[in-house]
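In what follows, a structure is listed as structure tokens, so that the remarks can point back to it.
Below, chains carry the letters A, B, ... as their sequence lines are ordered, and counting in each starts from 1.
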Amino acid sequence: MKKRYYNKILSSLEICKTFKELKQIHGVMIITSAIRYIIPLSKLIDFCTNSEPQNLDYAESVFVRIDRPSVYIWNSMIKGHSNTKNPAGALVMYKKMQRLGYSPDHFTFPFVLKACAAIVDVRVGKCVHNRVLKTGFESDLYANTSLIHMYVCCADLESGEKLFDESPKWNVVGWATMIAGYVNNDRASDAIRVFKEMEFQGVEPNEITIVNVLVACAHCRDLETGKWVHDCIGQLGFCSRRLNSSSNVILDTAILEMYAKCGSLKVARAYFNEMPERNIVAWNSMIGAYNQYGQASEAFRLFEEMRLSGLEPDEATMLSLLSACAKLGALSLGQGLHAYVEKTNIAEHVSVQTSVMDMYAKTGDRQSAFQIFSGLHRKDVKAWTSMIMGLAMHGHGKEALNMFSQMQRDESVSPDHITYLGVLSACSHAGLVDEGYKHFNSMSDVYGLVPMEEHYGCMVDILSRAGKLMEAECLVKTMPINPSVAVWGSLLNGCEIHDNVDLAEQIENHITKLKPQGSGIYVLLANIYAKAGRWQGVKRVRDLMRHNGFRRTYGWSSIEPKLLSS
DNA sequence: ATAGGGTTAG
């Protein structure tokens, strides 16, 4: 073919913008035989796989007609597949390539490993790892970073760590991969530790590293490190919206989320208000924080504001709002949200269905809760726990325990710490001491769950309500965790029910050392003394209360607020 | 031509 045509085609491919144009060029390529030349062919395929949206079928139709595709073209096809919803296609390509005798190069590995990571297939990932070693790419930086990414995505942190430790020098991407790996595998404190190591080694973090470590701080509720990282951002000179006109909404959201999760709601809100750009994630973060820190109505207020700004809620918004309804006991508000998610495609998420179910269970509509529960495609531990908890909360202890035994028969789930809080509270409501003990013991014996303070609190509650105050007292004194005000409070509650003033007096000594926040416990103490006619005790407690700055709060009840207008 | 990034229920 003429050199002139060839060059014209190459430059056309270069400036090609739309798929329609590409098809025309493709036609010309066939007529002029340019289709037989590797460079225009590569560019043709690259356009199909890199354009937005990509057209893999078209690339495939060109690809299958190539006699001997170059490794470059194989790589393009693998890359194309790795970026689709079905990354497994990349592995099919990779296998085919090798079966036909082509040897992968250092560009092949990152693409194919990305696919392994995406479909969480560590078995194939390990095979690729072997290939990396056999083909002599074991010191390739990109291949190794991709390998670590693959391992951490498959939750095989040990293999990731091993690779990471083998090399003494990593660039910022390698460090970020390891840090993100820890964050995504619930090991936020390791992420923070590695970040500090990175700082120590003099590798300068960038936005991505900072975002990751802020998420880690949020998970750990490590406000101190979080603030330090926030301060670092200013010194690093990149991206801070205070110093720079260009904003980074992801970074801003990570900062907001760090303050929010650490409970600094005021700081978080102030930051939120100042953000030059707020996407749905930022709103969700703030709404979720209000919900999490007991300001459910504020969550709804902010939601209204979000609607006014023209943003549509997504499933994360709904999860927070449904949880807020559950906490407020706002059934009809929850019903409104239920109707909304059904109208949109949000209800397709199992997590949302479970959350709707949780809302019904907590607000006491157990028919609706049961109905959704039985229709759930996947009943995970959270679904079971919601039902158990909801039933227990509304006094249906026996039913809750019945749910729990059904759950134990389902082999696809096993209870966790929170399930047991529901189970034990069910026993408490139903007054089942022996059954309570049985479940408390099965926690560690059967499921290897170490009881937390709350579980001891539940047991103390069960025993003291049943009048077994000595046993309860003994448990408080022998539990392996230092009992908090709440645990002593459970025991004290038993003292009130069963008129045991002497024990109450002993408890008073323990409690005052803990400087309780809130007046509830003092009021309880005073009531016990008053009932027994111990007026000097009553006076002592009231003085103590005043001394600690608490006033008696009055009884309150709540009615469902009318908030959702739409 | 290649590697790393934010929210989400009990």
Expected list for residues 162-182 of chain A near DNA chain B, using heavy atoms below 4.0 Å, is A:Asn171, A:Val172, A:Val173, A:Ala176, A:Thr177
Among side-chain atoms of A:Ser323 and A:Asn291, is any donor-acceptor pair under 3.5 angstrom?
yes
| message | Please check if the number of heavy atoms outside A:Glu312 that lie under 6.0 Å from its CD is greater than 12. | response | yes
query = Looking at A:Phe272, does the NZ or CZ of A:Arg278 lie under 6.0 angstrom from its six-membered ring centre and within 45 degrees of the ring axis?
reply = yes
Any N/O donor-acceptor pair, A:Asn75 side-chain to B:dA1 base, under 3.5 Å: yes
Using a cut-off of less than 4.0 Å, is there contact between a side-chain N or O of A:His149 and OP1 or OP2 of B:dG4?
yes
Taken to the nearest whole Å, CE/A:Met306 to C1'/B:dT8 is 13 Å
| request: State whether the distance check finds a donor on one side and an acceptor on the other, under 3.5 Å, for side chain A:Asn206 versus base B:dG4. | output: yes
What about A:Lys382, does its side chain sit under 3.5 Å from the base of B:dA9 through a donor-acceptor pair? yes
Whether A:Glu166 and A:Lys162 form a salt bridge (side-chain N of Lys/Arg under 4.0 Å from carboxylate O of Asp/Glu) is what I want to check. yes
Taking B:dG5, B:dA9, B:dG6 as options, the one with an atom nearest any side-chain atom of A:Asn248 is B:dG5
- Is a donor-acceptor contact shorter than 3.5 angstrom present between the side chain of A:Asn279 and the base of B:dG6? yes
Tightest non-hydrogen contact, residues A:Ala216 and A:Ile192, listed as CB-CG1, 3.8 Å
Rounded to whole Å, the CD-P distance (A:Glu315 to B:dT7) equals 13 Å
From CD of A:Glu257 across to P of B:dT7 the rounded distance in Å is 6 Å
Taken to the nearest whole Å, CE/A:Met275 to P/B:dT7 is 13 Å
What's A:Val381 touching, base or sugar-phosphate or nothing? Going by heavy atoms closer than 4.0 Å.
base
Mind listing the side-chain donor-acceptor pairs of residues 258-265 of chain A below 3.5 Å, one per line with the distance, residues two or more places apart or on another chain?
from, atom 1, to, atom 2, distance (Å)
A:Tyr259, OH, A:His230, ND1, 2.7
A:Lys261, NZ, A:Glu257, OE2, 2.5

| query | Side chain of A:Ser355, base of B:dA9: donor and acceptor closer than 3.5 Å? | reply | no
Rounded to whole Å, the CE-P distance (A:Met286 to B:dT8) equals 13 Å
Check: Looking at B:dG10, does its base get a donor-acceptor pair with the side chain of A:Ser386 below 3.5 Å?
Finding: no
Exercise. Considering only heavy atoms and no angle criterion, is a donor-acceptor pair shorter than 3.5 Å present between the side chain of A:Asp252 and the base of B:dG6?
Worked result: no
When rounded to whole Å, the CZ to C1' distance for the pair A:Arg378 and B:dA9 reads 12 Å
Hey, is A:Phe107 stacking on B:dT2? Ring centres under 5.5 Å, planes under 30°. no
note: A:His219, atom NE2; B:dG6, atom P; distance rounded to Å ~ 9 Å
Donor-acceptor contact below 3.5 Å, side chain A:Ser82 vs main chain A:Lys79: yes
When rounded to whole Å, the CG to P distance for the pair A:Asn212 and B:dT7 reads 9 Å
Under 4.0 Å, heavy atoms only, any strand: does A:Phe109 hit a base, just the sugar-phosphate, or nothing?
nothing
Among the nucleotides B:dT7, B:dG6, B:dA9, whichever has the atom closest to the side chain of A:Ser323 is B:dA9
For this session: Looking at every strand, decide which applies to A:Lys362 at a 4.0 Å heavy-atom threshold: base, sugar-phosphate, or nothing.
Result: sugar-phosphate
At under 4.0 Å between heavy atoms, what does A:Leu113 touch on the DNA or RNA strands: base, sugar-phosphate, or nothing?
nothing
Considering only heavy side-chain atoms of A:His106, the closest of B:dG5, B:dT7, B:dT2 is B:dT2
Applying the 5.5 Å / 30° rule, does A:Tyr72 stack onto the base of B:dA1?
no
**Asked** Looking across every strand, which nucleic acid part, if any, lies under 4.0 Å from A:Asp416 by heavy atom: base, sugar-phosphate, or nothing?
**Response** base
Only residue of A:Thr419, A:Asp410, A:Asp416 satisfying side chain to side chain contact (heavy atoms under 4.5 Å, CB included) with A:Trp384 is A:Asp410
Per atom distances to the A:Thr419 side chain, the nearest of B:dG10, B:dT2, B:dA1 is B:dG10
From the candidates B:dT8, B:dG10, B:dG6, the one with an atom nearest any side-chain atom of A:Thr253 is B:dG6
- Check every strand shown and say whether A:Asp380 touches a base, only sugar-phosphate, or nothing at a heavy-atom separation below 4.0 Å. base
Next item on the list: Walk me through it: do A:Tyr142 and A:Phe111 pass the test ring-ring contact (aromatic ring centres under 6.0 Å, His included)?
Entry: CA-CA 10 Å; A:Tyr142 286 82; A:Phe111 301 139; over 10 Å; no
